[in-house]
Amino acid sequence: MLDGYGRNIRYARISVTDLCNLKCRYCKPRPVPKLRHEDLLSVDEIITLGTDLCNKAGFTKIRLTGGEPLVRKGIVPIVRGICAVCPDVGITTNGILLATYAEELRDAGIRRVNVSLDTTDENVYRAVTGGDLRSALAGIEAARAAGLGLKLNAVLQRGVNDDPLPLMEYAESVGAELRMIEMMPFASTLRYAGERALNAEEWARSLGMEPSGVDGKVRKYSYRGHEIGIIAALSRNFCAECNRIRITCTGMLLPCLHGAQAYPLRDRIGTEDFKEYLRYVLALKPSSHGLGEGNYQKIDMGSIGG
Ligand code: SAM
């Protein structure tokens, strides 16, 4: 479906919960009020939403996210239902519960998972996320054993992973693609971003990384015999090619991750006017985020759905 700038929007990231079992310092640094159960989209509503997006609006890709999607009760039926209607379904997880779910997710139709992993150092992992690195690594191993494709996503942070070699070596050892993500500032995480964020393009240049290709928003580099992808929403803004929307776990549609606009979609799920409403909202998708001008999102990444 085309937006107001002629971009073909066909990729939705759906948050299935705002709850998370980690507390990543750049993501959701402080507790937010707990949502009432009835405010969350139900399992059936999420499946119908996926069906509407694919069958009525021509979407071809859906990623389930959160919060942490694996803490959502009903995640396996959600995956099964979405996989039945969508050709390309992904899930983004911190991996903590992946050892429990890897085989069930595969059997429900998932072929690959993106696991967020900022470091392979146990103490640093705990300091950044509040969690236990061993659980995340066990999850990655289980995904691999279940035959799932793996991408590892690390948010680039000064003093945490600005030496990327340990992560690169680990990624290679488990057959995963590694992507470093430039930290995006949010209103609630500006202090942490001020201390830790790095310009990913400058960082890659300062290490002498060699550009080796481009794959959508991922710029590939080789470094000391390893491959790495860099996703830099600030230093190399890719809004002109943006093909996505985000839908929160309460059914709000955000045409832009960093935009102030959020449109209620819940009442349209499964209705005749779903497509028309989506067309109306997509016409309002901004041409670009305003991060460079200091227009920071007031909602946390974890509440929107990363
Ligand atoms: N809990 C899941 C996970 O950890 O992958 C899914 C939700 S999380 C919000 C999705 C992704 O957003 C993760 O890869 C996380 O690292 C990334 N993320 C969170 N805050 C970010 C920020 N300020 N800048 C860039 N990426 C961020």
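Every number for a ligand or one of its atoms is a count from 1 in the order of the listing. When a residue number appears, it is its place in the shown sequence, counting from 1.
Note on residues 235-261: pairs passing salt bridge (Lys or Arg N to Asp or Glu O under 4.0 Å), not counting sequence neighbours, are Glu201-Arg236.
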Is there any protein N/O under 3.5 Å from an N/O of ligand 1, and what does the full list of such pairs look like?
unit_1   : atom_1 : unit_2 : atom_2 : d
ligand 1 : 1 (N)  : Gly67  : O      : 2.9
ligand 1 : 1 (N)  : Glu68  : OE1    : 3.0
ligand 1 : 4 (O)  : Ser116 : OG     : 3.3
ligand 1 : 5 (O)  : Thr93  : O      : 3.4
ligand 1 : 5 (O)  : Ser116 : OG     : 2.5
ligand 1 : 14 (O) : Ser116 : OG     : 2.8
ligand 1 : 23 (N) : Tyr26  : O      : 3.0
ligand 1 : 23 (N) : Met184 : O      : 2.9
ligand 1 : 24 (N) : Met184 : N      : 2.9

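Relative orientation of the Tyr192 and Tyr26 rings is tilted, given thresholds of 30° and 60° on the angle between their planes.
For the ring-ring contact (aromatic ring centres under 6.0 Å, His included) test, residues two or more places apart in sequence or in another chain that qualify with His258 are Phe186, His289.
Cluster note: Leu40 groups with Leu35 through ILVMFWY side-chain heavy atoms spaced under 4.5 Å, whether in direct contact or through intervening members.
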Practice problem: Could you walk me through whether Arg63 and Thr92 pass side-chain hydrogen bond (donor to acceptor under 3.5 Å, both in side chains), step by step? | Solution: CA-CA 7 Å; Arg63 175 165 297 282; Thr92 296; 3.1 Å; yes

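Here CD1 of Ile247 is found 13.0 Å from CD1 of Ile304. Values are rounded to the nearest 0.5 Å.
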